[in-house]
Amino acid sequence: MLEVTDLHARYGGAHILGGVKLTVAGGEVVALLGRNGAGKTTTIKSIMGLVRQISGSVRYEGRELLGRPPHVICRAGIGYVPEERRIFADLTVAENLEVGRRPTREGAPHWSVAHLYELFPNLAERRRNQGKQLSGGEQQMLTIARTLMGNPRLVLLDEPSEGIAPVIVEQMARVIAELKREGLSVLLSEQNLHFARLVSDRAYIIETGQVRYEGDFADLDARPEVSEQFLAV
Amino acid sequence: MSFYFAQLLTGLANASSLFLIACGLSIIFGVTRIVNFAHGSLFMLGAYIAYSVVTRLDAGVFGFWFGMLAAALAVGLVGLAMEFLILRRLYRAPELFQLVATFGLVLVIQDVALAIWGAADLLGPRAPGLARAVRIFGEPIPQYDLALIGIGPLVLAGIWLLFHRTRWGILVRAATQDRDMVGALGVNQNWLFSAAFFLGAALAGLGGALQIPREAVSLQMDLNVIAEAFVVVVIGGMGSVAGAFVAAVLISVLNAFAVLVFPQISIVLPFVVMAVVLVLRPHGLFGKPGSGHGAPGEPEAPLRHMSGRGRMALAALVLAMLASPAVAGDFTLILLVDLLVAMLFAASLHFLMGVGGMVSFGHAAFFGIGAYGAALAVKTLGLGMGGAMLAGPLAGALGALVFGWFCVRLSGVYLAMLTLAAAQIVWGITFQWQDVTGGDDGILGVWPAPWASSDTAYFYLAAAICLGGIWALRRVVHSPFGYLLRGGRDSPVRAEAIGLDLRRHQWAGFTLAGTLAGLAGTVFAFSKGSVFPDVLGIAQSVDGLIMVLLGGIHALAGPLLGAGVFVLIEDWVSRLDFWRFIFGAIILAVVLLAPDGLAGGLERLRRLLRRTTGGGAAR
Ligand SMILES: Nc1ncnc2c1ncn2[C@@H]1O[C@H](COP(=O)(O)OP(=O)(O)OP(=O)(O)O)[C@@H](O)[C@H]1O
Ligand SMILES: [Mg+2]
């Protein structure tokens, strides 16, 4: 469904991605692992059209998306959940969801506000609160719910487990499982190997802007030297 | 008591007008991050269009209010066209481009209005049914003022409903906080920006239209209102509509009472209030620090030392200029002095912006302080030219030292606005303080010493001073101090982290830029023999910005090239009819076609030529 090949990205003079190659199949949860500064966020942002100096190819359902503006990429069916959450602090929870709302999409599950409040009961309670009044965990829930309002078929999740309490991390794992059950594909950037193992089917490891490993977790466990070399374990 | 109540009502009526124009400005800035200098022009267009519609419709009550709405709608469409044809192409460009482009629009609209409505002031009709005064506590209050007092809050409520009860409004509020995220959620930003421009422009048009029963419609309305509108937006917090309302009321009511105590104050009061508010709350009363997302994050290209060939070309140019008195007539020499002054002025502004990272909308303040400093040294202190030539830059330095202390506490648009305020305060004081500065009549008879009084001699003196100043600036740029400033410009956080007192360095840089601008003003004063408040005006500040932009911000030679081209174009164009239109169109063309300035444009042209002639060694 998503096929990234030879993806290069720069910020000014700095060459950050040097030919990333990865695929995500329909209904699959794929983890993108790597240390701080390895290039996970840059990969995700590049797919989403948020990095300006990029080259290579990002094909989604047979369509080339590289070079298209973010709103076109979103409308094609890719949802983006940013690392820093970026909820709209002055808008209420309900308004934040409204910003993400898009028409129903064929072949993708449809998420109504009511359905999302079921999935995230905390948000239902706080629907009239402003984004800035939420806790970190609630904000993380909100940013995912907001993206789901766009009825995506593929979700790019940038470090969902970062900086939130263990209870919430568990809840997050359940949410990702729920997305998979609904038939969504997920590309998940993670530093937390345990969390990634819990929710994903396969993994890529990225280091200094290149994919250094790809395979499933059983294989990764069989080769401890790989995780030692590329991950902070 | 009743008198004070009447005064309060007058203040509130003024607040409504001010709010209408300021809130449109604020909405546009909030969504698009464009500082729209042309907003005053939209206000003016609103007044003219309303005048035409209402006088043609044989104003009944219906005709009058229909005229108001028609004007708002028409101006909204003008704003839409502006956004669609020009500004849309500049969203990714540095903010200076957008600013200068909107100033180009100011010039174009000025002349379009002149062509359509003529130069004479137009006196609009009274509002039918509201033409008289009612007595409140015995004081006569114009009925129309009462209507205005009602309209302000009504519009505020309307915008509130629009922003909270419609999907479009929610998107606008979201985009004001983080427009890139809104894009990533599938919203087409272009569409949102156009709509914001339409709404903002329509509000400005309505504001202008509602003025016609109160003041004559004139070609000065645009720049008269824009500075104050900026002030209101900044005090309220850029992007905040409620803030604009509170600020408009604050300014207008304060003003209504302050003039009772000190009649001259109304010109400077808004700017003083703004300076105080910004120092206490750097993002205005209701503003928030920008999210950082959606800023044009293009890292600055490093400044290069000039190539050998570039140096040679520059040296040749300087030599040719120095040799010109042998062949050139007096007119050319006078033009060359203008050129030298412009170069030093532009170089000092470029130093502030390109090296120090502090965008200034009010650099004319220091140019003017220098000019007045020198003129007063001659006229009041009785110093000779030598003493005055020290006094000018010294005054510039002092001014920059004082204003710089406030300004370096802020960054980005707020800093730019505070510099604008500084310039307006100085302008206001100069304009009002008849006894010392001569007010509007200026100071005459500021002539050079006898030995320098011939055109040729003064040309060489000016060349020595201005080129010396530019040379000194270049030295500073490549000194450790210059590197520190640039480091601070590119990553203020990192600079602070390594223990650099960035503010102190910026303050020093600000003062240096002010000193050299003052020096340029001094040379200017003696070349003209007189000084008028214009030297402190917004137009003078914008001229500097245009020069820097024309030359391109990344090259040290940029401002020199920009100043040269600017002076030559201005000299040529200002003799033509409708020169504003032509000049504005030139500015727009440059901004659209050479977004990295003339220097960058030339560089690209050169590369293109080399690639096509040199066998296509493409990258
Ligand atoms: N806007 C930017 N400008 C310049 N360099 C950047 C920018 N954003 C990221 N980088 C650099 O790009 C590299 C990769 O960053 P990226 O954010 O993709 O890493 P990451 O794998 O997501 O790390 P983390 O786990 O910390 O989120 C880093 O070295 C970072 O410093
Ligand atoms: Mg990251």
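Chain letters run A, B, ... following the sequence lines, proteins first and then strands; every chain starts at 1.
Interface remark: of the candidates A/Pro82, A/Gly131, A/Pro70, A/Pro70 forms the most heavy-atom pairs closer than 4.5 Å to chain B.
The backbone N or O of A/Arg86 sits nowhere less than 3.5 Å from a side-chain atom of A/Glu84 that would complete a donor-acceptor pair. One N or O on the side chain of B/Gln189 and one on the backbone of B/Arg179 form a donor-acceptor pair closer than 3.5 Å.
Relative to the six-membered ring of B/Phe29, B/Arg33 meets both conditions, a distance below 6.0 Å and an angle of at most 45° to the axis.
Sorted by first and then second residue, the ring pair (Phe, Tyr, Trp, His ring centres under 6.0 Å) pairs with a member in residues 52-71 of chain A form an empty list; sequence neighbours excluded. Residue pairs satisfying the salt bridge (Lys or Arg N to Asp or Glu O under 4.0 Å) criterion with at least one member in residues 12-29 of chain A, sequence neighbours excluded, are listed as follows: A/Glu28-A/Arg202.
More than 12 heavy atoms of other shown residues, nucleotides or ligands fall within 6.0 angstrom of atom CD in A/Glu64.
Residues of residues 94-105 of chain A having a heavy atom under 4.5 Å from any heavy atom of chain B, listed by number: A/Glu95, A/Glu98, A/Val99, A/Gly100, A/Arg101, A/Arg102. Taking non-hydrogen atoms and a 4.5 Å limit, the residue list of residues 135-159 of chain A in contact with chain B, ordered by number, reads A/Arg146, A/Thr147.
Listed here is the closest heavy atom pair of A/Val51 and A/Ser46: CG2-OG, 3.7 Å.
Residue contact with chain B, scored on non-hydrogen atoms closer than 4.5 Å, is absent for A/Ala76. The contact between A/Leu91 and chain B is made by backbone and side chain atoms together, counting heavy-atom distances below 4.5 Å.
Distance CG/A/Asn122 to OH/A/Tyr117: 12.0 Å, rounded to 0.5 Å. In this structure, CD in A/Gln130 is found 5.5 Å from CG in A/Asp90, a value given to the nearest 0.5 Å.
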